[in-house]
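As the structure is a computational prediction, the values presented were derived from the model and not from experiment. Both backbone and side-chain heavy atoms feed into the values below; hydrogens, waters and symmetry mates do not.
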Amino acid sequence: MDDQYPAQFKHSERPRGIAFAPDLHIDGVGPSTRVDDYAGTVLSKAAHIIQVANEESLVSCFPGDVFGRARVASDFVKSRFITILRSAHFMPIIYPGNHDMGGDILGEADTLWLLKACGCAHVQIKSGPTTTMKMEGDDGNEVTVGIGGTPYGQDFPEEAGWDQPVDLGIWFSHHNLPFQSHYTDRPVYGFSEILGVDRVINGHLHHPAPSVRVGNTEWFNPGSCTRTKANERARTPTFGIMWADGAIDIHPLALDGSDSVFTSSAGRISAPINSSAPDSMARERFISHLASDTGEEKSVGVHLDEALASGLIDRDMREWLEKIAHKAA
């Protein structure tokens, strides 16, 4: 383990399970298709997840893309999120996603590193086991649970490597897994059995998909907490709870005003911007143009990710172009 998850908790009770929250995408600036108070929305979701975790005696785990970009500019957003995490009864666990990192591995220049440095969350830098802990089952029996994970871009282990025998092994990831066909043009990690792991919870793919079992390991893709593209407008954001016996419950996280958070013209990019139209209408049209593609809607971030993956631009250029797009919008 790169560093130890704390053995002692703020409260004496044993946790009863894990609240997992993939892809919050916290940021002070919302995706170009969003028209709501994006920062307020995603922070309220984080606060709700921690509140539920406290009420139900759960450890909160975030399998990637906690932040919407590697370097969040808003000090308000960062300080508010730190305050939310510090209210947790059990220290939250975070596994970096692709949006959390400016490089191939989390570094000190990334905002997520700040959470590690200030001690408000356990941030896992490398793939591997995080901790084993005693949890309480529904019938009051003691259950030994292993928790581990693999940050974005790192390889899955063949074996969990727990420091003691476990009754339930849980792994978190943020990978291009073949639950669906969204990432056929990008590197894809296959499903395999991980010895000692019963459940894998994957982030990164925002749409939920049926689980896949290989041997004793079952892979789950529950969907994201936050919708970042207009083609997600019909989907209800969710977070999940895994109890100490391995049962999984998925809960709605519809705290953002349903489909009204997206521009009404998203996807309609054929009509030219009318220079005589009111400024608000022109801005909305331009935002939609940045956020859309003919056929399937894509955010400017997705376009830039694809350009980065294909080698057309480097990481610094991607960051610069995204800033230009947000300023223009």
### Query
How long is the span from the CE atom in Met91 to the NE2 atom in His122, to the nearest 0.5 Å?
9.0 Å

#### Entry: Pair Glu193-Thr217, side-chain hydrogen bond (donor to acceptor under 3.5 Å, both in side chains): steps then yes or no
CA-CA 5 Å; Glu193 182 178 18; Thr217 304; 4.9 Å; no

### Message
Salt bridge check, Arg213 against Glu218: does any charged N sit closer than 4.0 Å to a carboxylate O?
### Response
yes

### Message
To check you understand the geometry: which heavy-atom pair defines the closest contact between Pro22 and Gly203, and what is its length?
### Response
CB-CA, 3.9 Å

### Heavy-atom pair with the smallest gap, counting every atom of Phe20 and Pro222
CE1-CG, 3.8 Å

### Query
Who pairs with Phe220 by ring pair (Phe, Tyr, Trp, His ring centres under 6.0 Å), at least two apart in sequence or on another chain?
none

### Task
Looking only at non-hydrogen atoms, find the nearest pair between Pro15 and Val59 and report the distance.
CB-CG2, 3.9 Å

### Message
Donor-acceptor pair, distance only, cut-off 3.5 Å: does the side chain of Tyr5 make one with the backbone of Pro92?
### Response
no

### Query
Does Arg227 make a cation-pi contact with Phe262 (under 6.0 Å, within 45 degrees of the axis)?
no

#### Entry: ring pair (Phe, Tyr, Trp, His ring centres under 6.0 Å) partners of Phe239, counting only residues at least two apart
His48, His251

### Query
Do side-chain atoms of Arg199 reach the backbone of Gly246 as a donor and acceptor pair under 3.5 angstrom?
yes

### Message
Exactly one of Phe156, Tyr95, Trp171 should register a side chain to side chain contact (heavy atoms under 4.5 Å, CB included) with Ser127. Which one does?
### Response
Trp171

### Euclidean distance, Gln154 CD relative to Ile105 CD1, rounded to 0.5 Å
5.0 Å

#### Entry: Arg69 and its side-chain hydrogen bond (donor to acceptor under 3.5 Å, both in side chains) partner, picked from Asp100, Asp110, Thr111, Asp27
Asp27

#### Entry: Of all pairs that satisfy side-chain hydrogen bond (donor to acceptor under 3.5 Å, both in side chains), the ones with a partner from residues 75-85, not counting sequence neighbours
Asp75-Lys78

### Summary
Shortest non-hydrogen pair, Pro129 vs Ala160, comes out as CD-O, 3.5 Å

### Task
State whether the side chain of Trp162 and the backbone N or O of Gly196 hold a donor-acceptor pair below 3.5 Å, judged by distance alone.
yes

### Query
Backbone N or O of Phe67 within a donor-acceptor pair of the Asp65 side chain at under 3.5 Å?
no

